[in-house]
Amino acid sequence: MKKQYFFLAFFAALLLFSNCKKNDASIDFKLVTKNYFDDKNELNPLDATQNGQSQFDDQLQFEMTDSYRKKQAAFLLKYEKELQKFDPKNLSEEEQNSFEIIKWELMINKEMLQQPTNLLPLHQFSGTHLTLAQFAGGTSAQPFKTENDYNKFAKRLELYSVWIDSAIVYLKKGINQKVVLPKALTEKLISQFAEMESQKIEDNPFYGAIKVMPSSFSENSKKEITAKYSAIINQKIVPQYHKMALFLKNEYLPSSRAESGIGSLSFGPKLYQSLIKQWTTTDLTAAEIHELGLKEVARLNAEMEKVKTQLGFKGNLIYFLNDVRNKPALKPFHKPEEVIANFEKIYARIKPNVDKLFALQPKTKFEIRRTESFREKTASAEYMQGAADGSRPGIFYVPIPDVTNYNVLEDEDLFLHEAIPGHHFQISLQQESTTLPDFRKFNWFGAYGEGWALYCESLGKELGLYQDPYQYLGMLNDEMHRAIRLVVDTGIHSKGWTREQAIAYSLNNEAETEANITAEIERYMAIPGQALSYKIGQLKILDLRHKAETKLGKRFDIKQFHQKVLESGVMPLALLEKKINNWIDSIK
């Protein structure tokens with residue numbers, strides 16, 4: 001008996017020692033995740049502002065400079081060494097996810113730093129010049145509640161005027177090394193910078209925050225802040241915009257490349273494969289994705305044919321899509337406010353059904369707004385996250401550059417994707433989590449995030465939408481749009497397709513206007529690989545749902561499935577698959 005007691009005591013002590021070791025590792029690892037988030041914010045102060053980390057609101061990264069890239073390299077090396085201190089087995093399940101996410105981010109960012117992407121610091125779709133103009137409006141992520149808030153952004157604007165000079169320096173280096181944008185994208189940039197040179201200061205986007213200054217400020221403070229902003233805009237921002245517009249027109253445009261894809265650059269093929277990995281979080285090749293895209297286009301074409309037959313249209317699919325594109329009945333609006341009101345009606349229609357699919361729902365408030373005029377011509381509909389503390393709602397932005405040509409075909413599935421239960425649910429729940437470390441609350445992986453939003457479009461019938469065959473066609477058309485992306489993005493960047501080839505392919509397969517398709521193709525030219533994330537992520541989530549339904553049968557609960565997909569926030573697709581497989585096994 002004494003022998004038995006000895007062994008029981010020994011194993012109890014061993015278990016206690018093991019648990020203590022795990023607890024110690026967990027405490028140390030929590031500190032690593034905190035420092036990782038703090039250092040990321042310091043490196044990327046615009047992202048920090050977006051994430052509600054206000055201590056960096058007066059700072060700006062000069063992301064194209066060699067010195068900044070050295071800081072990035074040092075950051076990556078620091079956390080590679082930190083991870084080597086831990087055995088993931090000694091961490092909790094969610095901490096193991098954090099470990100794998102940091103490890104993955106370090107790997108892909110290290111790979112990206114090997115390419116001279118800093119010689120392309122600007123494009124027309126997104127970036128510092130557009131983010132700051134949006135922040136300046138006073139209703140976005142940059143806070144404008146106190147006098148100190150206004151002083152912080154004034155300092156950021158001062159830095160921005162210098163940033164423009166740095167951008168020109170690296171654009172010139174790009175000219176010398178033949179690393180330049182396609183001509184079509186340069187032309188869009190020229191108009192963006194030229195249009196910001198408003199004759200009246202009140203019309204300048206950077207004056208926006210002055211118009212929404214809190215009434216609680218004293219009259220003296222209001223005058224001082226207005227004078228400060230007016231001086232910065234007139235003496236620094238406007239002259240710099242003029243300088244950039246002239247440089248782009250006179251020096252950069254003549255040197256811009258004729259080819260549409262990055263495959264034409266000396267390092268382009270290697271960079272594109274890294275971008276595919278970054279955006280899809282997979283090891284798929286461009287050729288594999290291109291073939292997958294062709295198969296998905298064929299499948300969706302067959303589904304569209306069924307709707308065409310249901311609607312009694314005579315003629316082939318191309319004629320049908322042209323008819324839908326230009327159908328007056330699908331362009332019913334005369335005022336931009338009517339477009340917003342239609343989305344509000346869609347929101348009201350799905351509300352009673354959301355509870356049937358989602359036990360886990362966010363607290364963050366939600367709004368629908370028209371896209372700001374300074375970026376409306378080149379913007380897509382999009383979601384901007386709310387503040388984690390609830391001080392700013394999540395916003396669904398809708399561009400309405402020409403209301404008489406606004407087609408309602410895709411409004412229902414667009415709302416499901418950009419708003420509820422798409423980006424608003426996923427991003428808000430992630431930010432509101434009480435179990436995730438901060439670096440994961442404010443993280444992003446395109447394949448997961450966009451994949452989730454595209455998956456949500458397929459929930460329309462379960463949420464009471466797609467009763468009208470045209471709205472169902474709109475869902476198919478939007479899914480087709482993402483399938484086409486697999487074909488044209490890889491076509492442009494790995495097969496030498498021209499901008500015009502990609503536009504023609506899209507026109508033959510989806511019911512979008514040529515203007516919209518052109519803007520989309522130019523977006524893919526500007527951000528290679530990003531457009532691949534949607535369909536790759538959606539197909540993985542659909543596959544995981546099908547697997548769970550098949551293996552669990554009557555025990556499958558759609559609310560539980562959605563909770564499991566959403567509760568840990570964004571992650572590489574392989575980690576998501578592991579998580580869902582573990583959940584299925586635990587129920588079986």
Closest non-hydrogen atom pair, [X] against [Y]:
X	Y	answer
Val403	Pro336	CG2-N, 3.7 Å
Leu436	Glu567	CD1-O, 4.1 Å
Thr281	Leu573	OG1-N, 3.1 Å
Ala453	His423	CB-CE1, 3.5 Å
Ile492	Ala502	CD1-CB, 3.8 Å
Gly394	Thr364	N-CG2, 4.0 Å

Quick check on [X]: does its [atom1] atom have over 12 non-hydrogen neighbours (other residues, nucleotides or ligands) under 6.0 Å away?
X	atom1	result
Lys363	NZ	no
Lys365	NZ	no
Gln55	CD	yes

Member of Asp57, Thr49, Leu130 meeting the side-chain contact (heavy atoms from CB on, under 4.5 Å) criterion with Phe135: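 When Asp57, Thr49, Leu130 are each tested with Phe135, the side-chain contact (heavy atoms from CB on, under 4.5 Å) holds only for Thr49.
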Is [X] salt-bridged to [Y], cutoff N-O under 4.0 Å?
X	Y	answer
Arg299	Glu303	no
Lys152	Asp149	no
Arg485	Glu296	no
Lys30	Glu95	yes
Glu450	Arg482	no
Glu577	Lys547	yes
Glu479	Lys535	yes
Lys578	Glu100	no
Glu462	Arg545	yes
Arg370	Glu376	yes

Taking the six-membered ring of Tyr319 (Phe, Tyr or Trp), confirm whether the NZ or CZ of Lys308 is under 6.0 Å from its centre and within 45° of its axis.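 Output no; distance or angle outside limits.
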Donor-acceptor contact below 3.5 Å, side chain [X] vs main chain [Y]:
X	Y	result
Arg369	Ile340	no
Gln96	Pro88	yes
Gln563	Ala359	no
Asp543	Leu539	no

Just so I know, are the side chains of [X] and [Y] near enough to count as touching, which here means a heavy-atom distance under 4.5 Å?
X	Y	value
Gln53	Asp438	no
Leu465	Asn353	no
Asp413	Tyr466	yes

Using 30° and 60° as the class limits, which term best fits the ring planes of Phe366 and His424: parallel, tilted or perpendicular?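 Geometry flag for His424 against Phe366: tilted rings.
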Determine the interplanar angle of the Phe415 and Tyr347 rings, folded into 0 to 90°, and report it as parallel if under 30°, tilted if 30 to 60°, perpendicular if over 60°.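 The arrangement is tilted - the two ring planes meet at 30° to 60°.
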How long is the span from the CZ atom in Phe313 to the CG atom in Leu321, to the nearest 0.5 Å?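 Rounded to the nearest 0.5 Å, the CZ-CG separation comes out at 9.0 Å.
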Test item: side-chain donor near acceptor, Tyr406 and Glu338, under 3.5 Å: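 Short answer, no.
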Just by distance, with hydrogens left out, do Asp355 and Gln361 show a side-chain donor and acceptor under 3.5 Å apart?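 Their side chains do contain a donor-acceptor pair, which is all the 3.5 Å distance test asks for.
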Going by the rule ring pair (Phe, Tyr, Trp, His ring centres under 6.0 Å), which residues pair with Tyr524 if we only count those two or more places apart in sequence or in a different chain?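 Counting only residues at least two positions away or on another chain, Tyr524 forms no ring pair (Phe, Tyr, Trp, His ring centres under 6.0 Å).
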